[in-house]
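All remarks here apply to the structure that follows.
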Amino acid sequence: MTTKTPVKPRARSNENPTTVKRRGRLNSASPGRDHPASVEERREHHKWMLKLLTTGGRLTHQEVPDTILKLLQAIVDHSPSVIFLKDLQGRYLLANRAMSAVVGCETKGIVGKTDYELFPRHVADAYREADCKAIDSRKPIELEESAPHKDGTHPYLSVKFPLLGDAGTPYALGGIVTDVVKLKQIEAELQERLRFEHLLFELSAAFINLPADDVDAKINETFRRLGEFMEVDRCFIDQFSDDKSEFRVTHFWAHESLESDDFLDKVLLNEQVPWYMARMLSGQSLIFSCVDELPDEAVPEKAYIQSVGIKSSVIVPLIVGGDIIGNFGIDVIRSERDWSENVIQGVKIIAEIFGNALARKQAEKKLRAAEQEAARNREHLAHLTRVQIMGEMAAGIAHEINQPLAAIENYARACERRLKGDTGDRDKMEELVEKIKDQAHRAGNVLTRVRAMVKRQPVNMVSVDLNAVVQETVELANMEAQLRNCRLKIEFSRSLPAVVIDPIHIQQVALNLIRNAIEASEDVTRENEKVVLVRTTKTDTGHVEVSVADSGLGVTDMEGDRLFEPFFSTKRSGLGMGLSVCQSIIAMHDGKIWHTQNPAGGTIFHFSLPLDSEEGAA
Amino acid sequence: MVEQSIFVVDDDEAVRDSIKELVESVGLHAQTFESAQAFLDVYSADAAGCLVLDVRMSHMSGPALQTRLKAQGCSLPIIFITGHGDIDTAVEAMKAGAVDFVQKPYHEQNLLDCINKALELDAQNRDADRKQQSLEEHLAKLTEREHEVMDLLVQGLANKAIAQRLSISPRTVEVHRQHVLEKCSVKSLAQLVSLFNHTADDTPLR
């Protein structure tokens, strides 16, 4: 207050380049030398300064018209951003309405003041520092600042620029500062939405090719993620019974912090919550922020919700192919929640993902059940034909058991006679007893073999030596071959890798083919002996092949086309199931069965089986 | 005398071995063969004993072997062992000259009885064979006239009647008669007649 005349700010002195004082001296309590004291003086100073500014820093005595000043003020006042001009000391020369809104006083009250009079010291310090940086660098700078508001600190995006004189010397500082609190909010919301969208995308991708067996586990895992992401306390899926008379909780998750009962497998009957059921079965969602939003008739529902402690929920139907199979819902227990449209839409999308996954799981379950039943039927039919084959072979089997029994009887009688006649030395007795044991064992083996064929047992795939399996079969078939005066000849490959098969089923196939071959050979009235050749080979295609060659009359093309059809038979007696069953057994083993003409006359039946992949590669 | 053997032909090793053991337990001798062919390979006319054959064998069946042996003039008695349902074959075999058949399952005494009968028969056959053979040898030594005289003697004609029939003197007949008795190694006419009767009646099967 030492002078009443406006003093030229130092900045206007061109010959005296400014070294700006950072801060400190400038405040109302201890005004600087050049500081105008009264409001009146400040206003004058302001006017003068503006005139100075509008003339580009050159001090002239020419009056700048008030109209231009008013125009300038009007323009800046209508900007939503804060716009100001300060002198090099930090005193406001100009401030707009947005600025006055921030500091809570009129623009006129701002002019002439420094930030130290308008803002807390640490805020003003930050402003001053940025101001000085712009002045010192003589270039506009952009930075993020913040300012205290009634509702907290708002972030600002600031542009600060020095006003330079002709010689490039700064004489004032301008600023355009934009409140970005709303932008930040929008950005945060957008981020949140993006994360949610991302989650939904991830979920739909995860569920799209999920094996049916993993669906339940994945839903439970997803519940946890959803629960934590959406900050809800429970997630659940109810599924309706087929007659829609009740529903069962099939998936359930509750936040760890809640000592919630486990609702999994809990069943509610239609009549217990009729309003809820009616609403869900009509395909409508149920969304409430508080229990009071439920209609008056929903009495048991309200009671139930309150008993569980639920405050807000979003429950949407799971609709698959137009059928409502159940509901997916999220509950909040700890507080009431206003559900945003975004969340509701998300829940609906998730319900769709879950619904599809559950439907696929159900379809796969049904398919699997059907496949299992088909396999059971196939196995049953294979068993029946095995029993039938054994029945047909009864004469041969009986012979094969009678032979050792007859031998046993003879040996035993020989023993007895030697004992009675006292002609038996001990060594002879031991020899005879040993022979009896061998024959008893032989008879037992026949029975074991037959029993294995007749016994009904589930498919049992094991890695075995195919030669051993075929050998066993040849021994079985020999019972019949002998009776029919036919010789079974074998040619086994010595380098046969292991195959993974059900031995009994493959024996059945081989037995069927060998018996057919024996029978076919009988059709030929040739004097020389009848021979059926059984071979095993390893093919170049990573398979092992078994072939059975007869020297019968062969099959005609027309018969050949129908050989593997069920109920087709060229025999006088026979159901016509044998080869058809063989084909289904070989198909079960991923193998092939076919027939070719025997160059030596007759037919060759072949079947091939894939090698045990590991062994095959070795 | 040649030792008799029981020739067991069966394609089941245990079965043929057990029959051998059974036979040996009563002190008889047995040989086993896995096929008809194996037996034919070692068969010779002086084999003595009997055959125990399984009706059903691969390659050559029992009856087929029977036919082959018959063609070779084998006189070994054959016992067939038949399974259930082979009665027709057994009947055929019996018609073709088999001595017996034993149906499985058999009582071992039954089989042994059959074997013993067959061995006895074989012995008789062989005895008759021998007598026939010696008779034939004796007869071969006779002159034509001696033969004529012997035929008439065996028919029971008296010396006088023979002399008349042959237009020779009874004295000459007597000389021939003496020669016949000497050459046939018999002392009386009765013995000569019995020699003929024996060979004629006691060879029922050939």
Side-chain angles (χ1 to χ4, degrees), chain A residues 394-396 398-425 427-443 445-446 478-489 518 521 527-532, chain B residues 6 8-30 32 34-37 52-65 67-68 79-86 89 101-116:
Chain A
H399 178 75
E400 200 59 28
I401 293 170
N402 278 332
Q403 295 287 80
L405 289 182
I408 287 171
E409 170 120 24
N410 287 338
Y411 287 133
R413 294 292 185 182
C415 260
E416 191 179 49
R417 282 177 184 275
R418 281 176 185 273
L419 284 170
K420 277 183 185 163
D422 208 15
T423 52
D425 59 281
D427 285 352
K428 189 67 191 176
M429 289 298 164
E430 275 176 7
E431 182 196 329
L432 290 172
V433 169
E434 200 56 43
K435 283 176 176 175
I436 289 173
K437 271 160 63 186
D438 286 350
Q439 292 307 305
H441 193 64
R442 174 183 165 194
N445 270 348
V446 175
N478 243 333
M479 301 177 187
E480 200 164 37
Q482 279 177 353
L483 292 185
R484 291 172 185 252
N485 226 352
C486 182
R487 194 160 66 90
L488 300 182
K489 204 174 142 191
I518 294 170
S521 299
E527 275 313 300
N528 50 353
E529 59 172 351
K530 299 150 193 160
V531 177
V532 167
Chain B
I6 292 104
V8 184
V9 186
D10 196 313
D11 60 356
D12 190 298
E13 192 198 337
V15 170
R16 63 176 182 267
D17 182 63
S18 67
I19 294 173
K20 181 175 184 271
E21 291 288 359
L22 179 64
V23 166
E24 285 175 352
S25 75
V26 295
L28 295 170
H29 180 253
T32 56
E34 63 171 2
S35 67
Q37 190 57 51
V52 176
L53 280 189
D54 189 20
V55 169
R56 278 182 182 263
M57 282 185 289
S58 47
H59 310 311
M60 194 192 294
S61 68
L65 177 61
T67 311
R68 285 279 293 274
I79 300 161
F80 277 106
I81 295 184
T82 72
H84 189 72
D86 285 329
T89 328
F101 72 91
V102 179
Q103 195 181 348
K104 286 191 275 191
Y106 48 81
H107 197 277
E108 105 283 7
Q109 188 59 57
N110 191 12
L111 176 65
L112 290 172
D113 288 349
C114 286
I115 288 173
N116 279 323

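In what follows, chains carry the letters A, B, and so on, assigned in the order in which the sequence lines appear, proteins first and then strands, with residues in each chain numbered from 1.
Separation of atoms CD (E409(A)) and CG (L22(B)) is listed at 9.5 Å; rounding is to 0.5 Å. We find the NE2-CZ distance between H107(B) and R413(A) to be 4.5 Å, quoted to the nearest 0.5 Å.
If you tally non-hydrogen atom pairs under 4.5 Å between each of D17(B), L111(B), V23(B) and chain A, the highest count goes to D17(B).
Only the side chain of L432(A) has a heavy atom closer than 4.5 Å to any heavy atom of chain B. Contacts between L112(B) and chain A at a heavy-atom distance below 4.5 Å involve the side chain alone, from C-beta outward. Interface remark: V15(B) contributes backbone and side-chain atoms alike to the contact with chain A (heavy atom separation under 4.5 Å).
A search for salt bridge (charged side-chain N to carboxylate O under 4.0 Å, His left out) contacts involving E431(A) returns K428(A), K435(A), not counting sequence neighbours.
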What donor-acceptor contacts under 3.5 angstrom involve side-chain atoms of residues 400-407 of chain A, with partners at least two apart or in another chain?
residue, atom, partner, partner atom, Å
N402(A), ND2, A398(A), O, 3.3
Q403(A), OE1, K104(B), NZ, 3.1
Q403(A), NE2, D12(B), OD2, 3.2

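Counting non-hydrogen atoms of neighbouring residues, nucleotides and ligands closer than 6.0 angstrom, the CD atom of E13(B) reaches no more than 12 such neighbours.
In this structure the side chain of R417(A) never reaches within 4.5 angstrom of the side chain of E21(B), judged on heavy atoms.
Pairing each heavy atom of R442(A) with each of A14(B), the nearest pair is NH1-CB, 3.6 Å.
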